[in-house]
Amino acid sequence: QVQLVESGGGLVQAGGSLRLSCAASGRTFSSYAMGWFRQAPGKEREFVAAISWSGTRIKYVDSHKGRFTISKDNAKNTVFLQMNRLKPEDTAAYYCAADPKGRRDLRAEAYDYWGQGTQVTVSS
């Protein structure tokens, strides 16, 4: 059982930055991958980034490279998403997720555990 709680969302102007946190509790394993997804109203859930538990294997989609950085603090069981130079199109509910298989998959269905999300709103 894994519980995930996101925090750090809010309202920010375009060009600003936010750091999202995802605190994991319960039993975890070294093979777990942690992912960030986002979902805007009326749209499908979209992959943002994923990281292995060790932090040595990271996956981004090209559109987020250079602006978003995923990282982990294993001692605190926390994964972060640093978001810089935010754009209005980044507005969405952001979710963290855990995949026990450690796949760092692009598909939301690959992840077994999800947080409840944190809202990020980027104004023009």
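Bear in mind the structure is a predicted one, so any value in this text is a computation, not a measurement. Counting from 1, the numbers follow the sequence of the chain as shown.
With contacts defined as side-chain heavy-atom distances shorter than 4.5 Å, the pair Asn84/Ser17 qualifies. The shortest distance between side-chain heavy atoms of Val61 and Leu106 falls below 4.5 Å. Between Thr69 and Leu81, every side-chain heavy-atom pair lies at or beyond the 4.5 Å cut-off. Residues Tyr32 and Val2 have side chains in contact (heavy-atom distance under 4.5 Å, counting atoms from C-beta outward).
When the side chains of ILVMFWY residues are joined at heavy-atom separations under 4.5 Å, either directly or via intervening members, Val5 and Trp114 end up in two distinct hydrophobic clusters.
Counting only distance, with no hydrogens or angles, the side chain of Asn74 and the backbone of Trp53 share a donor-acceptor pair below 3.5 Å. Remark: the backbone N or O of Ser7 is not paired with any side-chain donor or acceptor of Thr118 at under 3.5 angstrom. Put simply, the side chain of Arg67 gets close to the backbone of Arg85: a donor and an acceptor are under 3.5 Å apart. Remark: side-chain polar atoms of Gln119 are not paired, donor with acceptor, to backbone N or O of Tyr94 under 3.5 angstrom.
A salt bridge links Arg107 to Asp105: one of the charged nitrogens lies within less than 4.0 Å of a carboxylate oxygen.
You'll find the ring centres of Phe37 and Tyr95 outside the 6.0 Å limit.
Atom-to-atom distance recorded for Lys59:NZ and Arg103:CZ is 10.5 Å, nearest 0.5 angstrom. For the atom pair Glu44 CD and Gln39 CD, the distance stands at 8.5 Å (nearest 0.5 Å). Separating the OH atom in Tyr111 from the CZ atom in Phe47 is a distance of 5.0 Å, to the nearest 0.5 Å. In this structure, Gln82 CD and Phe80 CZ are separated by 10.0 Å, a value rounded to the nearest 0.5 Å. Separation of atoms OG (Ser52) and NZ (Lys72) is listed at 8.0 Å; rounding is to 0.5 Å. Separation of atoms CE (Met83) and CG (Leu20) is listed at 4.0 Å; rounding is to 0.5 Å.
Between the side chains of Asp73 and Thr78, not a single donor N or O lies within less than 3.5 Å of an accepting N or O.
Within 6.0 Å of CD in Glu89 there are more than 12 heavy atoms belonging to other residues, nucleotides or ligands. Annotation: Glu109, atom CD; neighbour count of heavy atoms from other residues, nucleotides and ligands within 6.0 Å is above 12.
For the pairing with Cys22, the side chain to side chain contact (heavy atoms under 4.5 Å, CB included) check across Val79, Ile70, Asn77 returns one residue only, Val79.
Closest of all the heavy-atom pairs between Val120 and Gly9 is CG2-CA, 4.1 Å. The shortest heavy-atom contact between Leu4 and Met34 is CD2-CE, 3.7 Å. Closest of all the heavy-atom pairs between Ala92 and Ala40 is CB-N, 3.8 Å. Taking every heavy atom of both residues into account, Ala49 and Tyr60 meet most closely at CB-CD2, 3.6 Å. Across every non-hydrogen atom of Leu11 and Ser123, the tightest pair is CD1-CB, 4.4 Å.
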